[in-house]
J.: 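Below are the structure tokens for one structure; questions will follow.
Any value given below was found using the heavy atoms of this structure, including those in side chains, with hydrogens, waters and symmetry copies removed.
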Amino acid sequence: MLGPVILAASRSDRIRRLISAAPVTKQVVDRFIPGERVDDIVPVVRELTGRGLDVTMDVVGEDITRPEQAAAARDAYLELIDRLKELELGERAEMSVKLSLFGQALDGGHDLALANVRPVVEAAAEIGTTVTLDAEDHTTLDSMFAIHDELRRDFPQTGCVIQAYLFRTEADARRLAENGSRVRLVKGAYKEPADVAFQQKAEIDKAYVRVLKILMDGEGYPMIGSHDPRLISIAQELAHRAGRKLDEYEFQMLYGIRGDEHLRLAAEGHRMRVYTAYGTDWYGYFMRRLAEKPANLRFFLRAMVSKG
């Protein structure tokens with residue numbers, strides 16, 4: 001399977017330099033990351049929401065080494081919130097954050113990440129929207145869930161992400177569903193060892209359905225993060241069985257992938273939120289998009305060959 005190989009490459013400085021230097025890379029990156037600055041992304045937000053779609057915005061970047069970088073990430077999100085305020089979209093435009101970008105992996109990282117993310121969550125609430133904490137590799141999750149619990153004391157709308165391929169996720173889903181949390185369920189996009197995560201696609205898909213049923217039957221707000229047509233169909237059936245109305249769950253998909261499906265679901269009355277990333281530190285995000293789906297990798301390789 002190529003996925004684990006690509007995920008390993010996402011941590012390689014040598015491969016990062018090689019791919020970043022390739023002339024064709026920007027053309028392909030633009031498919032998934034439509035801009036580097038806030039000014040680039042505002043027209044994209046206007047276009048998506050104008051077509052009946054909602055968005056969640058991610059300022060890309062993860063591998064920081066200094067507290068000053070974490071503070072800069074915080075300020076980048078605050079700038080984004082200022083611009084979203086002008087658009088008056090409310091909860092139609094929320095934000096997704098990776099706590100690693102806010103300093104989680106540094107010395108004293110848990111407290112540092114909480115201190116940096118709190119003003120972002122506060123500012124989001126002031127303009128009528130919210131923040132979802134993205135899940136990263138399994139070693140970071142206890143810290144992420146603790147920060148999520150802390151933020152929800154004052155901002156109960158704060159969401160989090162769980163990953164179906166991890167063995168722990170069913171238990172996490174039960175707790176979150178009982179607590180009435182907003183929860184995005186994804187398959188998982190990090191290279192995880194076999195002692196903590198399912199490795200085969202069939203196993204991951206079955207785990208996804210089990211966890212999704214827990215969320216649909218619970219008290220929270222499920223957010224279905226998948227492009228898989230079969231899982232989308234199953235999600236609709238589970239929502240129906242649980243007696244959920246269309247505004248009691250939502251679908252989420254990545255910008256640049258299955259755009260026609262975004263519009264189809266929205267036209268059917270579903271809330272369809274597009275995960276839209278921007279920024280200059282795009283490498284890790286880009287490599288995980290290639291690893292998630294063979295078609296993404298084929299798209300990249302075809303572009304490289306056609307420009308070679």
J.: Is a side-chain donor or acceptor of Ser143 paired with a backbone partner of Thr140 at a separation under 3.5 angstrom?
T.: no
J.: Report the distance from atom CG of Asp172 to atom CG of Leu185, rounding to the nearest 0.5 Å.
T.: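 Taking CG in Asp172 and CG in Leu185, the distance rounds to 11.5 Å.
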J.: Test your reading of the model: is there a side-chain donor-acceptor pair from Arg273 to the backbone of Val55, 3.5 Å cut-off?
T.: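 Yes, Arg273 side chain to Val55 backbone: donor-acceptor pair under 3.5 Å.
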J.: Are there more than 12 heavy atoms of other residues, nucleotides or ligands under 6.0 Å from atom CG of Asp260?
T.: no
J.: Whether the side chain of Tyr165 engages the backbone of Asp205 through a donor-acceptor N/O pair (distance < 3.5 Å, no angle test) should be reported.
T.: no
J.: Is a side-chain donor or acceptor of His240 paired with a backbone partner of Lys245 at a separation under 3.5 angstrom?
T.: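 A pair under 3.5 Å: no.
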J.: Taking the side chain as every heavy atom from C-beta outward, state whether Val97 and Asp134 have any atom pair closer than 4.5 Å.
T.: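 They are not in contact (no side-chain heavy atoms under 4.5 Å apart), so the answer is no.
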J.: Passes side-chain contact (heavy atoms from CB on, under 4.5 Å), Val131 versus Leu133? Steps please.
T.: CA-CA 7 Å; Val131 170; Leu133 306 183; 4.3 Å; yes
J.: Of all residues at least two apart in sequence or in a different chain, which pass the ring-ring contact (aromatic ring centres under 6.0 Å, His included) check with Tyr208?
T.: none
J.: In terms of side-chain geometry, is the basic nitrogen of Asp40 or Arg37 positioned less than 4.0 Å from the acidic oxygen of its partner?
T.: yes
J.: Quick one: does any side-chain atom of Ser233 pair with a main-chain N or O of Pro229 as donor and acceptor, under 3.5 Å?
T.: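 A pair under 3.5 Å: no.
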J.: Counting only N and O atoms by type, is there a donor-acceptor contact under 3.5 Å from the side chain of His227 to the main-chain atoms of Leu254?
T.: yes
J.: Apply salt bridge (Lys or Arg N to Asp or Glu O under 4.0 Å) to residues Arg241 and Asp217 and explain how you reach the verdict.
T.: CA-CA 9 Å; Arg241 290 183 189 178; Asp217 290 341; over 6 Å; no
J.: Any non-hydrogen side-chain atom of Thr56 less than 4.5 Å from a side-chain atom of Met223?
T.: no
J.: State plainly whether the residues Lys85 and Glu88 are in salt-bridge range, i.e. N to O under 4.0 Å.
T.: no
J.: List the steps, then state whether salt bridge (Lys or Arg N to Asp or Glu O under 4.0 Å) holds for Glu136 with Lys98.
T.: CA-CA 7 Å; Glu136 301 182 70; Lys98 289 180 173 59; over 6 Å; no
J.: Go through the steps to decide whether Asp228 and Ser226 satisfy the test side-chain hydrogen bond (donor to acceptor under 3.5 Å, both in side chains), and finish with yes or no.
T.: CA-CA 5 Å; Asp228 187 324; Ser226 178; 5.2 Å; no
J.: For salt bridge (Lys or Arg N to Asp or Glu O under 4.0 Å), just list the numbers for Arg271 and Asp247, CA-CA rounded to whole Å, side-chain angles, deciding distance to a tenth of an Å, and then say yes or no.
T.: CA-CA 7 Å; Arg271 168 168 279 183; Asp247 62 354; over 6 Å; no
J.: Verify whether one side chain among Glu91 and Thr129 offers a donor that lies under 3.5 Å from an acceptor in the other.
T.: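 Their side chains do not contain a donor-acceptor pair, so the 3.5 Å distance test is not met.
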J.: Less than 4.5 Å apart, any side-chain heavy atom of Glu150 and any of Arg153?
T.: yes
J.: Hey, does the side chain of Asp111 reach the backbone of Gly108 with a donor-acceptor pair shorter than 3.5 angstrom?
T.: no
J.: Check for me, please, whether Tyr221 and Phe251 land in the same ILVMFWY cluster - side-chain distances under 4.5 Å, paths through other members count.
T.: no
J.: Using side-chain heavy atoms (C-beta onward) and a distance below 4.5 Å, is Leu263 in contact with Arg258?
T.: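 Contact flag for Leu263/Arg258 side chains = no.
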J.: Classify the side-chain pair Arg184/Ser96 by whether it contains a donor and acceptor separated by less than 3.5 Å.
T.: yes
J.: Apply side-chain contact (heavy atoms from CB on, under 4.5 Å) to Gln157 and Val121, showing your working.
T.: CA-CA 10 Å; Gln157 70 274 29; Val121 174; 6.0 Å; no
J.: Consider only side-chain N and O atoms of Thr65 and Gln69, and report whether a donor and an acceptor are under 3.5 Å apart.
T.: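 Short answer, yes.
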J.: Quiz question: by atom type and distance under 3.5 Å, do the side chains of Asp137 and Thr139 form a donor-acceptor pair?
T.: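 The criterion, which ignores hydrogens and geometry beyond distance, is satisfied for Thr139 and Asp137.
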J.: Just wondering, do Leu80 and Met57 contact through their side chains at under 4.5 Å, heavy atoms?
T.: yes
J.: Should Met216 and Ile232 be counted in the same cluster of Ile, Leu, Val, Met, Phe, Trp and Tyr side chains packed under 4.5 Å apart?
T.: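 Yes.
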J.: With the 4.5 Å side-chain cut-off for hydrophobic clustering, are Ile204 and Val186 part of the same group?
T.: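 Looking at the clustering, Val186 is in a separate group from Ile204.
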J.: Working note: Glu94 + Thr132, criterion side-chain hydrogen bond (donor to acceptor under 3.5 Å, both in side chains); need CA distance, chi angles, decisive distance, verdict.
T.: CA-CA 8 Å; Glu94 63 145 48; Thr132 296; 3.1 Å; yes
J.: Just by distance, no angles: are the side chains of Gln163 and Thr169 close enough, under 3.5 Å, to form a donor-acceptor pair?
T.: no
J.: May I ask you to say whether Glu170 pairs ionically with Arg174, meaning some side-chain N is under 4.0 Å from a carboxylate O?
T.: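 The answer is yes: the pair qualifies as a salt bridge.
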J.: Would the Tyr275 and Tyr255 ring centres measure less than 6.0 Å apart?
T.: no
J.: Have a look at Pro222 and tell me which of Glu248, Arg244, Glu250, Arg182 forms a side-chain contact (heavy atoms from CB on, under 4.5 Å) with it.
T.: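 That would be Arg244; it is the only one of Glu248, Arg244, Glu250, Arg182 passing the side-chain contact (heavy atoms from CB on, under 4.5 Å) with Pro222.
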J.: Within a 6.0 Å radius of atom CZ on Arg51, are there more than 12 heavy atoms belonging to other residues, nucleotides or ligands?
T.: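 Result for CZ/Arg51: open.
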J.: Run Glu122 and Phe155 through side-chain contact (heavy atoms from CB on, under 4.5 Å) and show every step you take.
T.: CA-CA 8 Å; Glu122 291 172 348; Phe155 305 97; 3.4 Å; yes
J.: Would you tell me whether Tyr77 and Asp58 have side-chain atoms, one donor and one acceptor, within less than 3.5 Å of each other?
T.: yes
J.: Side-chain contact, heavy-atom cut-off 4.5 Å: Gln104 with Leu112?
T.: no
J.: Given Glu261 and Arg264, is the salt bridge (Lys or Arg N to Asp or Glu O under 4.0 Å) satisfied, shown in steps?
T.: CA-CA 5 Å; Glu261 183 71 354; Arg264 183 188 73 81; 2.7 Å; yes
J.: Mind checking whether Val161 and Ile224 sit in one hydrophobic cluster, side chains of I, L, V, M, F, W, Y counted as touching below 4.5 Å?
T.: no
J.: Is it possible for you to check whether Arg118 lies under 6.0 Å from the centre of the six-membered ring of Phe102, through NZ or CZ, and within 45° of that ring's axis?
T.: no
J.: Determine whether a donor-acceptor pair (N or O, by modelled atom type, separation under 3.5 Å) exists between the side chain of His138 and the backbone of Leu166.
T.: no
J.: Membership question, hydrophobic clusters at under 4.5 Å side-chain separation (ILVMFWY): are Leu141 and Leu176 in the same one?
T.: yes
J.: Output the distance between atom CZ (Arg92) and atom CG (Asp54), rounded to the nearest 0.5 Å.
T.: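 Between atom CZ of Arg92 and atom CG of Asp54 there are 5.0 Å.
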J.: For Leu87 and Arg83: C-alpha separation, side-chain torsions, deciding distance, then whether side-chain contact (heavy atoms from CB on, under 4.5 Å) applies.
T.: CA-CA 7 Å; Leu87 298 180; Arg83 296 302 300 274; over 6 Å; no
J.: Quick one, Asn116 and Leu101 - any side-chain contact, counting heavy atoms below 4.5 Å?
T.: no
